[in-house]
Amino acid sequence: MTLKVYNTAARSLQEFVPLREGEVRVYACGPTIYNHAHIGNFRTFLFFDLVHRHLEYSGYGVQFVMNLTDVDDKVIQAAHEAGSTIEEHTKPFGDTFLADCVSLGVWTVDSYPRATMHIEQMVEFIERLVDKGHAYSAEDGAVYFSIESFPEYGKLKGIDTSTLIAGARVEHDEYDKEDARDFALWKAATEEDEEVGAAWDSPWGRGRPGWHLECSVMSTMQLGDTLDMHLGGEDLVFPHHENEIAQSECATGHPFVRYWMHVKHLFVEGRKMSKSLGNFIRVRELLEEGYDPAAIRHLLISSHYRGELNFTRAGLKASGVAVQRLMDFEARLSQLETADDAEESALPGLAEKVVLDFRSTMDDDFNSAGALGVLFGFVTKVNAELDAKGRVSTSDRDLALGALRSMDTVLGLLEVAQASRVIDDDLSSWVERMIEERAQARASKDFARADEIREELSAKNIVLEDSAEGTRWKVVN
RNA sequence: GGCGCCGUGGCCAAGUGGUAAGGCAGAGGACUGCAAAUCCUUUAUCCCCGGUUCGAAUCCGGGCGGCGCCUCCA
């Protein structure tokens with residue numbers, strides 16, 4: 001029962017051993033808040049959440065930090081186009097991002113540092129690098145990291161740095177780098193930067209931090225020189241994370257990250273999500289269209305994070321049905337009438353086994369797709385047992401329910417589904433009255449009236465289920 | 001060009017050496033006033049060819065097909 005994670009740096013599965021026993025310090029590269037987050041972002045953030053939840057579930061003390069990038073080229077450009085400052089521009093997107101997280105059940109993390117709040121620390125960090133000979137200030141007012149001073153550069157991505165010069169289209173001409181591969185730690189302020197409030201004083205004049213810097217500074221500041229896990233989208237492996245390693249290890253003298261994990265980008269309707277294709281789907285839109293947030297969550301965690309995932313409306317619909325099955329199962333168990341003189345059932349055995357299977361599947365590099373399979377297999381077996389037995393003891397029922405809820409602390413599906421289906425008391429009492437009226441109609445064999453009531457409720461997404469114990473109702477999305 | 005990934009039933013998706021989890025959809029059945037929910041039954045030569053092995057979806061080689069990164073896109 002040990003956690004195994006795929007470490008990008010090793011390009012293989014490794015047993016997870018944190019620096020300090022029982023504690024895990026995680027840093028995740030969050031969004032750049034220049035626009036609303038899209039579902040691709042959320043595949044990644046939902047994976048972060050799965051890691052967060054599973055680590056806690058496994059008994060670790062977790063310190064989880066996720067940055068929000070509020071100053072970089074994209075932010076500056078967007079603010080400029082909107083005629084506002086970067087602060088004004090990013091504020092609402094930061095807010096809606098956190099709101100989207102709540103909608104999809106992404107747990108709050110310990111800290112959401114923003115680059116603009118750590119300019120001073122970044123300047124100090126650069127000074128350390130300059131002092132140690134890993135960085136130099138250039139004529140153009142920028143400060144660059146010297147790749148040559150860090151022979152291990154390229155180890156994360158597994159590339160030979162010498163190929164960078166020949167092959168890639170490296171930034172050139174307008175910069176005064178000593179080596180084309182060097183990257184900026186500090187950039188001199190342009191007129192545009194000043195206009196949108198993205199310029200600060202520094203020993204090298206007015207300017208702003210390079211994008212890679214914020215993560216190195218904020219992560220080591222809050223979590224220490226060596227992080228247990230660093231997470232991000234696959235696009236960040238190079239150069240972002242490679243550069244973070246270079247900066248951090250040169251500044252601190254310690255290994256930066258023990259385990260790197262990267263999430264594969266998702267597709268939409270079979271194609272890459274991109275501006276040119278205009279196929280961005282924002283979480284906001286889906287929620288406004290009335291899709292169940294739990295269905296979105298289900299779909300985004302239904303395939304392994306390193307595998308392909310093609311996001312489609314059809315898939316979302318299927319996920320919605322799957323979530324409903326889970327909800328129905330939870331309702332069946334929690335509303336089950338138990339009998340303490342009931343004969344022994346298979347529930348305790350099933351409950352114990354499913355949790356073990358679930359854990360070991362999640363321990364296998366956060367295999368959420370496999371874990372869902374384990375969960376749904378449990379649903380079918382328990383339903384069958386309940387059909388066969390009729391009545392079970394309270395303790396057997398509670399064991400099954402406990403197993404279900406235990407697994408959901410990691411998956412968060414019931415959690416999100418229930419949160420989005422809150423019904424007010426007025427509606428609730430109205431439904432109860434209608435059910436009562438229908439019961440009378442049925443008792444007097446007035447099935448026409450009974451069906452009429454069912455229709456009326458159905459129009460409001462309320463479904464009735466008749467059973468031996470009476471009529472239950474539920475809201476479906 | 002360099003580095004890398006993927007190809008499992010109608011759709012989605014686990015499994016990575018011992019003869020195929022799970023979800024959705026379809027068909028049939030049980031139950032039901034009708035439904036819903038639930039259960040049962042039912043649908044896979046695991047892209048192709050060759051090799052290793054007692055045994056491969058799983059390992060190796062080749063082929064075909066799809067894709068990613070190498071551009072401050074999660």
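Order of the sequence lines sets the chain letters (A, B, ...), proteins ahead of strands, with each chain counted from 1.
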Trainee: Could you identify which residues of residues 450-464 of chain A place a heavy atom less than 4.0 Å from some atom of RNA chain B, listed by residue number, or say none?
Mentor: A:Asp451, A:Arg454, A:Val463, A:Leu464

Trainee: Is any side-chain nitrogen or oxygen of A:Lys272 closer than 4.0 Å to OP1 or OP2 of B:rC69?
Mentor: yes

Trainee: Can you tell which of B:rA74, B:rC5, B:rC39 lies closest to the side chain of A:Arg325?
Mentor: B:rC39

Trainee: Contact class for A:Val321 vs. all strands (heavy atom < 4.0 Å): base, sugar-phosphate, or nothing?
Mentor: sugar-phosphate

Trainee: Could you identify the nucleotide paired to B:rC24, looking across every strand shown and requiring Watson-Crick or G-U wobble geometry with both distances under 3.5 Å?
Mentor: B:rG10

Trainee: With a 3.5 Å limit on both atom pairs, tell me what B:rU58 is paired to, counting Watson-Crick and G-U wobble, or say none.
Mentor: none

Trainee: Hey, which of these two, A:Met273 or A:Ala318, hits RNA chain B nearer its 5' end, going by closest nucleotide?
Mentor: A:Ala318

Trainee: Side chain of A:Arg271, base of B:rG68: donor and acceptor closer than 3.5 Å?
Mentor: no

Trainee: How many whole angstroms separate atom CH2 of A:Trp211 from atom C1' of B:rC73?
Mentor: 9 Å

Trainee: Just checking, any donor-acceptor pair under 3.5 angstrom between side chains of A:Asp396 and A:Ser345?
Mentor: yes

Trainee: Check every atom of B:rA37, B:rC69, B:rC73 against the side chain of A:Lys474 and return the nucleotide holding the closest atom.
Mentor: B:rA37

Trainee: If you check the A:Lys74 side chain, which of B:rC73, B:rC34, B:rC39 turns out closest?
Mentor: B:rC73

Trainee: Check every strand shown and say whether A:Phe376 touches a base, only sugar-phosphate, or nothing at a heavy-atom separation below 4.0 Å.
Mentor: sugar-phosphate

Trainee: If you go through the side-chain atoms of A:Asp466, does one of them form a donor-acceptor pair with the base of B:rC34 closer than 3.5 Å?
Mentor: yes

Trainee: Is the shortest distance from a Lys or Arg side-chain nitrogen in A:Glu194 or A:Arg208 to a carboxylate oxygen in the other one below 4.0 Å?
Mentor: no

Trainee: Categorize A:Leu266 for me: base, sugar-phosphate, or nothing, with a 4.0 angstrom heavy-atom threshold over every strand shown.
Mentor: base

Trainee: Is the base of B:rG68 stacked against the aromatic ring of A:His265, taking ring centres under 5.5 Å apart and planes under 30° as the test?
Mentor: no

Trainee: Between A:Glu269 (side chain only) and A:Arg313 (backbone N and O only), is there a donor and an acceptor less than 3.5 Å apart?
Mentor: yes

Trainee: Can you tell if the side chain of A:Thr108 reaches within under 4.5 Å of the side chain of A:Leu98, non-hydrogen atoms only?
Mentor: no

Trainee: Could you tell me whether A:Arg438 contacts a base, only the sugar-phosphate backbone, or nothing, with contacts defined as non-hydrogen atoms closer than 4.0 Å?
Mentor: base

Trainee: Could you work out the separation of B:rG23 and B:rC39 based on their P atoms and round it to a whole Å?
Mentor: 9 Å

Trainee: Given B:rG68, B:rU38, B:rA74, which nucleotide is nearest the side-chain atoms of A:Glu234?
Mentor: B:rG68

Trainee: Tell me: NE2 of A:His241 to P of B:rC69, nearest whole Å?
Mentor: 15 Å

Trainee: Can you figure out which of B:rG33, B:rA37, B:rA74 approaches the side chain of A:Arg442 most closely?
Mentor: B:rG33

Trainee: Could you tell me how far B:rC64 sits from B:rA21 if I compare only their P atoms? Round to whole Å.
Mentor: 33 Å

Trainee: Report which part of the nucleic acid A:Phe267 touches: base, sugar-phosphate, or nothing (heavy-atom distance under 4.0 Å, all strands).
Mentor: sugar-phosphate

Trainee: Checking ring pair (Phe, Tyr, Trp, His ring centres under 6.0 Å) against A:His241, which of A:Tyr153, A:Trp260, A:Phe256, A:Trp211 comes through?
Mentor: A:Trp260

Trainee: B:rU71 P sits how many Å from A:Asp235 CG, rounded?
Mentor: 13 Å

Trainee: Between B:rU8 and B:rU45, how far is it from one P atom to the other, in whole Å?
Mentor: 13 Å

Trainee: Cut-off 3.5 Å, side chains only: do A:Thr69 and A:Asn67 have a donor facing an acceptor?
Mentor: yes

Trainee: Write down the distance between CG (A:Asn243) and P (B:rU71), rounded to a whole number of angstrom.
Mentor: 11 Å

Trainee: Whole angstroms only, please: what is the CZ-C1' distance between A:Phe48 and B:rA74?
Mentor: 7 Å

Trainee: Determine the Euclidean distance between corresponding C1' atoms of B:rU43 and B:rG26; express it in Å to zero decimal places.
Mentor: 9 Å

Trainee: Which one, B:rG23, B:rC39, B:rC73, comes nearest to the side chain of A:Asn383?
Mentor: B:rC39

Trainee: Tell me whether the guanidinium CZ or amine NZ of A:Lys74 lies under 6.0 angstrom from the six-membered ring centre of A:Tyr34 and within 45° of its axis.
Mentor: yes

Trainee: One pair to check against salt bridge (charged side-chain N to carboxylate O under 4.0 Å, His left out): A:Arg438 and A:Asp466. What are the steps and the verdict?
Mentor: CA-CA 11 Å; A:Arg438 178 166 167 277; A:Asp466 297 325; 2.8 Å; yes

Trainee: Does A:Gly232 reach a base, just sugar-phosphate, or nothing at all? Heavy atoms under 4.0 Å.
Mentor: sugar-phosphate

Trainee: Heavy atoms only, 4.0 Å cut-off, all strands: where does A:Gly233 land among base, sugar-phosphate and nothing?
Mentor: sugar-phosphate

Trainee: Could you tell me how far B:rA36 sits from B:rA20 if I compare only their C1' atoms? Round to whole Å.
Mentor: 33 Å

Trainee: Using the P atom on both, measure B:rU19 against B:rC12 and round to a whole Å.
Mentor: 27 Å

Trainee: Are A:Lys4 and A:Asp365 close enough for a salt bridge, meaning some N to O gap below 4.0 Å?
Mentor: no

Trainee: Tell me: CH2 of A:Trp473 to C1' of B:rA37, nearest whole Å?
Mentor: 17 Å

Trainee: For B:rG23, does OP1 or OP2 lie under 4.0 Å from any side-chain N or O of A:Thr380?
Mentor: yes

Trainee: When both hydrogen-bonding distances must be under 3.5 Å and the geometry is Watson-Crick or G-U wobble, what is B:rG33 paired with, if anything?
Mentor: none

Trainee: What is the separation between atom CG on A:Leu156 and atom P on B:rC3, rounded to the nearest whole Å?
Mentor: 17 Å

Trainee: With a 3.5 Å cut-off and no angle check, do the side chains of A:Asp70 and A:Thr116 form a donor-acceptor pair?
Mentor: yes

Trainee: Determine the interatomic distance between C1' on B:rA37 and the same-named atom on B:rC31; round to the nearest Å.
Mentor: 11 Å

Trainee: Could you tell me how far apart A:Asp387 (CG) and B:rU41 (P) are, to the nearest whole angstrom?
Mentor: 13 Å

Trainee: What's A:Asp73 touching, base or sugar-phosphate or nothing? Going by heavy atoms closer than 4.0 Å.
Mentor: base

Trainee: I'd like to compare against my own output: the B/S/- annotation of nucleotides 8-20 of chain B with a strict under-4.0 Å heavy-atom distance to protein.
Mentor: -----SSS-----

Trainee: Do you know which of A:Phe47, A:Phe97, A:Phe48 makes ring pair (Phe, Tyr, Trp, His ring centres under 6.0 Å) with A:Phe42?
Mentor: A:Phe97

Trainee: Which whole number of Å gives the distance between the C1' atom of B:rG9 and that of B:rC47?
Mentor: 14 Å

Trainee: Indicate yes or no: does A:Glu234 engage A:Arg306 in a salt bridge with an N to O separation below 4.0 Å.
Mentor: no

Trainee: For A:Tyr57, is the NZ or CZ atom of A:Arg359 found under 6.0 angstrom from the centre of its six-membered ring and inside 45 degrees of the ring axis?
Mentor: yes

Trainee: Just name whichever nucleotide pairs with B:rG2, Watson-Crick or G-U, keeping both distances under 3.5 Å, else none.
Mentor: B:rC69

